Amino acid sequence: MEHKKKNKYLIIGGVIALLAVVGTFLNDDQNPTVQPASPTVEQSAPADDNIQPEESTEADPDEHAFAKDPVVDEFVVAYNAIAAHPFTELEAGNIRTKYFGASGGYWFEMLNAADTENILVKINTTSETLEADASAMATVFHDAVKAIDQSLSDEEIAAHFNSFITLEYTGKQDLGKMEVEFHPTSAVNQNWFEIAAKPR
């Protein structure tokens, strides 16, 4: 009889332990927690002839970092590498080669112009920069121009920018490997620049 009592308690204890484990498992599924990624240190394993080499996790060179269009992606990568205010995310436009992004309070429209393999960038004010004068665009203008033509000096870019905003020149001007056009504030729109890379 005493042996039956022990078995009975063991079974009850086992069922309670099993229910606790199942309950914890179900609770974890209902309330998942995200563990922060922690750096791992790779330890060398003992040599084993049965271990298969791991597959490479390197990015496919055909994949693009930000945009599916390679011309836009090349511009964004170059811009982010030097920009005071890099793009954090892009929005796809209404055609496959057009993207939009924000940087430093300005709205960028980036386009692989007619699939010519040349970037066209328009920099517009936003509600954040609507009240700012044109000189406030100097940083994003510099970074956009430099992303297209790294051979230009900071002084050349600044001189070109200043010639636009002081003279309110609205025609196209050549600057290195691109044409630049400035549209000052008018009754129709706010300050904006259009920067088009010349054919390669």
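Since this is a predicted model, take the numbers as computed values, not measurements. All heavy atoms count here, side chains included; hydrogens, waters and symmetry mates do not.
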NZ-CD1 distance between K177 and I148, expressed to the nearest 0.5 angstrom
10.5 Å

Do V140 and L152 sit in one hydrophobic cluster, given that two such residues count as connected whenever their side-chain heavy atoms are within less than 4.5 Å of each other, even indirectly?
yes

Is there a side-chain contact between D133 and I165 in this structure, where contact means two heavy atoms from C-beta onward sitting under 4.5 Å apart?
no

Point-to-point distance, once rounded to the nearest 0.5 Å, from CD1 of I157 to NE2 of H142
4.0 Å

Would you indicate whether the side-chain heavy atoms of L90 and M110 approach each other to under 4.5 Å?
yes

Which atom of F161 lies closest to which atom of A134, heavy atoms considered
CZ-O, 3.3 Å

One should read off an interatomic distance between T97 OG1 and E117 CD, to the nearest 0.5 angstrom, of 10.0 Å

Does any N or O in the side chain of S153 come within less than 3.5 Å of the main-chain N or O of E156, such that one atom is a donor and the other an acceptor?
yes

Check F87 against N80 and note the closest heavy-atom contact, atom names and distance.
N-OD1, 2.7 Å

Does one hydrophobic cluster hold both F66 and L111, with members joined at side-chain heavy-atom distances below 4.5 Å?
no

Nearest heavy-atom neighbours spanning A136 and A132:
CB-CB, 3.7 Å

Would you say the side-chain atoms of T126 pair up with the backbone N or O of W107, donor to acceptor, closer than 3.5 Å?
no

Is M137 linked to L120 within one hydrophobic cluster, defined over Ile, Leu, Val, Met, Phe, Trp and Tyr using a side-chain heavy-atom separation of less than 4.5 Å?
no

Between Y99 and K68, is there a donor-acceptor pair closer than 3.5 Å when you use the side chain of the first and the backbone of the second?
yes

Classify the ring geometry between F164 and F193 as parallel (under 30°), tilted (30 to 60°) or perpendicular (over 60°).
perpendicular

Of the non-hydrogen atoms in N118 and K198, which two are nearest, and what is the gap between them?
OD1-O, 3.1 Å

E194 CD to K172 NZ distance, which is reported to the nearest 0.5 Å
6.0 Å

Check for me, please, whether I119 and F100 land in the same ILVMFWY cluster - side-chain distances under 4.5 Å, paths through other members count.
no

How close do T139 and A84 get, counting heavy atoms only, and between which atoms?
CG2-CB, 3.8 Å

Could you walk me through whether K146 and D154 pass the side-chain contact (heavy atoms from CB on, under 4.5 Å) check?
CA-CA 8 Å; K146 195 75 166 181; D154 293 343; 3.9 Å; yes

Quick one: does T125's side chain have a donor or acceptor within less than 3.5 Å of a partner on L130's backbone?
no

What one should report as the nearest heavy-atom pair of D143 and A83 is OD2-CA, 3.3 Å

ring-ring contact (aromatic ring centres under 6.0 Å, His included) with F108: which of W192, F141, Y79?
Y79

